[in-house]
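Structure record follows, encoded as structure tokens.
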Amino acid sequence: MTIALNQPLDAAARSTNHAGIRRWLWIVAALVFAMVVVGGATRLTGSGLSITEWKPITGALPPLGDAAWAAEFEKYRLSPQYQLLNTGMELSEFKFIYWWEWGHRQLGRFIGLVYLAGFLVVALRRLLPWRQSAVLFGMGLLLGLQGAIGWIMVASGLEPGMIAVAPVKLTLHLSFAGLFFASVVAFATWLTPPRRIEEARGRGFALLLLALVFVQVALGGLVAGSKAGFTFNTWPLMDGALVPSGSTLFAQPSFWENFVDNVALVQFNHRLGAYLLLAAALWHAFTMRSATPGSGMAKRATAIAGLTLTQAALGIVTLLLVVPLWAGLAHQALAFMVLAMAVVHVTRSTVTAHPTGV
């Protein structure tokens, strides 16, 4: 009889714990989303190489006073980007790009602190079973690795002869941000009780859709890193044809270098990825609406198709307008909205029972 009386209390306690953990995770996800947008602004304003040192602790403080600003500016003047691209830049112009990069790094530090504080509460109070806490710990390591990759990316742009970061390292930085963001959204969704229990259908295609979104985000990172969006600014034709010539797509001597350094092939691959993702999203929505009309699966598939269609249209506008700041940021932000929805879709389609047991 005692056990029976305790069971509802335990279930209620678990539900309360999960609600708090969910709020924490959604806050982290929102902060990462903001970080992606700020990172995009940092890239598009050419601010990413304005801080030439990585000081995880002392770097939290900006220059204080004229002497400190002069010293920081002098460090930047020694960088290849200043000498090859920004020679003659005034201190006021430097401050503009410095504040963007400093804000980007500060937001990264804040995300780390918020995640660490939440994890310590979960772990020390044993709010989740040890295996789930271990998953959260692994996610924290992923976040730390993301910060390290960020500095590796910046360091690549400080090498002699470089005026921007290496495209592959920027893509790696963005991809790991996507992985961490997806893991946070998935965990928060898993802890959220479903509104109704449904027969799981379309799991395989939902996973395929998520994989296509990840690939497209990575291809977008290569476009951003190589500034491929500033070339071939026509659609649907590219270089006067639906499919550019082989000599255009494979102009580099090394076959594999074309996939990273050749702006024509980089942009063409991003276009192909968009077409494939949009076709898959529309097909998935059609099949789910036909097989299970009115179900959560059908509604989520329809939402993903709508977001993907909007993202494709925004990508075309961004290209035709030659990547204005507002369009580039909106395109990057909407990409992570599509990613979040795809993660929720997969999580909901694969979870058969809620962790609270209700």
Side-chain angles (χ1 to χ4, degrees), residues 30-114 143-174 176-177 221 223-227 229-230 322-333 336:
L31 288 172
V32 174
F33 182 82
M35 181 74 164
V36 169
V37 175
V38 173
T42 302
R43 173 179 55 81
L44 289 170
T45 56
S47 307
L49 299 177
S50 57
I51 301 178
T52 59
E53 297 175 323
W54 189 36
K55 297 179 179 179
I57 305 300
T58 58
L61 291 175
L64 301 174
D66 293 341
W69 274 112
E72 202 66 32
F73 189 28
E74 183 59 29
K75 294 175 186 176
Y76 177 67
R77 292 175 65 180
L78 296 175
S79 70
Q81 186 186 67
Y82 174 86
Q83 296 173 357
L84 299 175
L85 186 66
N86 291 330
T87 301
M89 172 182 278
E90 299 291 336
L91 179 60
S92 59
E93 297 173 299
F94 170 71
K95 287 182 177 181
F96 174 80
I97 62 173
Y98 183 95
W99 282 122
W100 268 116
E101 175 63 9
W102 183 82
H104 184 55
R105 296 191 186 192
Q106 284 297 99
L107 185 53
R109 290 183 176 96
F110 184 65
I111 292 172
L113 290 174
V114 171
L143 177 60
L145 179 60
Q146 162 69 358
I149 292 174
W151 170 247
I152 292 173
M153 176 191 70
V154 171
S156 71
L158 298 174
E159 296 176 0
M162 296 292 291
I163 60 173
V165 300
V168 171
K169 293 176 181 177
L170 185 146
T171 301
L172 195 63
H173 186 53
L174 181 64
F176 270 80
V223 169
S226 62
K227 300 187 184 299
F230 292 90
V322 197
V323 199
L325 180 61
W326 69 266
L329 294 184
H331 190 52
Q332 187 161 312
F336 268 65

Distance check, rounded to the nearest 0.5 Å: [X] atom [atom1] versus [Y] atom [atom2]?
X	Y	atom1	atom2	result
Trp151	His173	CH2	NE2	12.5 Å
Glu74	Trp69	CD	CH2	15.0 Å
Gln332	Leu44	CD	CG	7.5 Å
Ser79	Asn86	OG	CG	8.0 Å
Phe176	Thr171	CZ	OG1	12.0 Å
Glu101	Ser50	CD	OG	5.0 Å

State whether the number of non-hydrogen atoms from other residues, nucleotides or ligands found under 6.0 Å of Phe110 atom CZ is greater than 12.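 Atom CZ in Phe110 is not crowded, with 12 or fewer foreign heavy atoms closer than 6.0 Å.
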Would one find more than 12 heavy atoms of other residues, nucleotides or ligands at under 6.0 Å from atom CD of Glu90? no
Indicate yes or no: at least one non-hydrogen side-chain atom of [X] is less than 4.5 angstrom from one of [Y].
X	Y	answer
Met153	Leu172	no
Met35	Gln146	no
Leu49	Met162	no
Phe94	Arg77	no
Phe73	Pro63	no
Arg105	Trp54	yes
Tyr98	Leu91	no
Met89	Ile97	yes

Kindly indicate, with the supporting measurements, whether the criterion side chain to side chain contact (heavy atoms under 4.5 Å, CB included) is fulfilled by Leu174 and Phe336. CA-CA 11 Å; Leu174 181 64; Phe336 268 65; 3.8 Å; yes
Taking Ser47 for the side chain and Trp100 for the main chain, is one N or O donor matched with an acceptor at less than 3.5 Å? no
Looking only at atom types and distance, does a side-chain atom of Gln81 sit under 3.5 Å from a main-chain N or O of Gly157, one as donor and one as acceptor? no
Identify the heavy atoms of Pro80 and Pro160 that sit nearest to each other, and give their distance.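 So the minimum-distance heavy-atom pair works out to CG-CA, 4.1 Å.
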Specify the closest pair of heavy atoms between Val154 and Ile51, including all atoms of both residues, with the distance to one decimal.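 That closest heavy-atom pairing would be CG1-O, 4.2 Å.
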